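Quick note: numbers below take in every heavy atom, side chains included, and nothing from hydrogens, waters or symmetry partners. As the structure is a computational prediction, the values presented were derived from the model and not from experiment.
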Amino acid sequence: QVQLVESGGGLVQPGGSLRLSCVGSGRAFSIYVMGWYRQAPGNQRELVATITSGGIPNYADSVKGRFTISRDNAKNTVYLQMNSLKPEDTAVYYCNAYRPVLMRNDWGRGTQVTVSS
């Protein structure tokens with residue numbers, strides 16, 4: 001399995017910024033599709049952003065233009081830069097790794113992001 005550890009969450013005011021990091025295990029990190037998902041209280045887990053092994057990003061409409069996903073394969077790390085944060089962004093953010101050969105998803109434990117005045 002792929003072990004994933006998120007960090008960087010916290011409390012921020014509306015309009016502020018946070019940068020999330022996710023460090024993964026495994027020698028084949030560079031071929032995984034990496035992603036960030038989030039789950040707010042009472043809601044289902046939803047896609048925030050993904051990035052392919054070639055570095056092509058995809059974003060949910062709700063975060064497009066505000067969030068940026070990136071990866072550093074040499075460090076086995078994926079990042080989520082979050083700008084212009086809104087209260088609606090409040091959620092637990094989870095890191096995801098998709099392994100194409102096994103068609104398997106692995107998840108981190110999550111990190112809390114709270115946007116409030």
Please report the shortest heavy-atom distance between [X] and [Y], naming the atom on each side.
X	Y	value
W36	S21	CH2-O, 3.6 Å
E6	R109	OE1-N, 3.2 Å
N73	S53	ND2-O, 4.3 Å
Y59	A49	CD2-CB, 3.6 Å
G9	L20	N-CD2, 3.6 Å
A60	L47	CB-O, 3.4 Å

As an exercise, state the distance from [atom1] of [X] to [atom2] of [Y], rounded to the nearest 0.5 Å.
X	Y	atom1	atom2	value
T68	R19	OG1	CZ	11.0 Å
Q44	R38	CD	CZ	14.0 Å
Q13	S116	CD	OG	8.5 Å

Is any side-chain heavy atom of P14 closer than 4.5 Å to one of K86? no
Can you confirm whether M103 sits close enough to Y98 that some side-chain heavy atom of one is under 4.5 Å from a side-chain heavy atom of the other? yes
Taking the six-membered ring of F29, is the NZ or CZ of R71 close enough (under 6.0 Å from the centre) and on axis enough (within 45°)? yes
Could you walk me through whether Y37 and W107 satisfy the ring-ring contact (aromatic ring centres under 6.0 Å, His included) test, starting with their C-alpha distance in whole Å, then the side-chain angles of each, then the deciding distance to 0.1 Å, before giving a yes or no? CA-CA 10 Å; Y37 294 72; W107 300 89; 5.0 Å; yes
Between L80, D89, N96, which is the residue that forms a side chain to side chain contact (heavy atoms under 4.5 Å, CB included) with V48? L80
Criterion side-chain contact (heavy atoms from CB on, under 4.5 Å) on I56 and I51, from CA distance to verdict: CA-CA 5 Å; I56 301 174; I51 185 166; over 6 Å; no
Look only at the side chain of [X] and the backbone of [Y], and say whether a donor-acceptor pair between them is shorter than 3.5 Å.
X	Y	result
T52	V33	no
R104	P100	no
N76	V23	no

Would you sort out whether M82 and Y93 count as a side-chain contact (heavy atoms from CB on, under 4.5 Å), showing the intermediate values? CA-CA 12 Å; M82 304 185 294; Y93 284 70; 3.9 Å; yes
Count I, L, V, M, F, W, Y as connected when their side-chain heavy atoms are under 4.5 Å apart, and connections chain through other members. Are [X] and [Y] then in the same cluster?
X	Y	value
L85	V63	yes
V115	F67	yes
V78	V113	yes

Please walk me through it: do Y79 and I69 pass side-chain contact (heavy atoms from CB on, under 4.5 Å)? CA-CA 6 Å; Y79 305 95; I69 188 171; over 6 Å; no
Given the rule in the side-chain contact (heavy atoms from CB on, under 4.5 Å) test, do R99 and D106 qualify, once you have shown the distances and angles that lead to the verdict? CA-CA 8 Å; R99 291 182 278 175; D106 291 285; 2.9 Å; yes
Passes side-chain hydrogen bond (donor to acceptor under 3.5 Å, both in side chains), T77 versus D72? Steps please. CA-CA 5 Å; T77 302; D72 186 340; over 6 Å; no
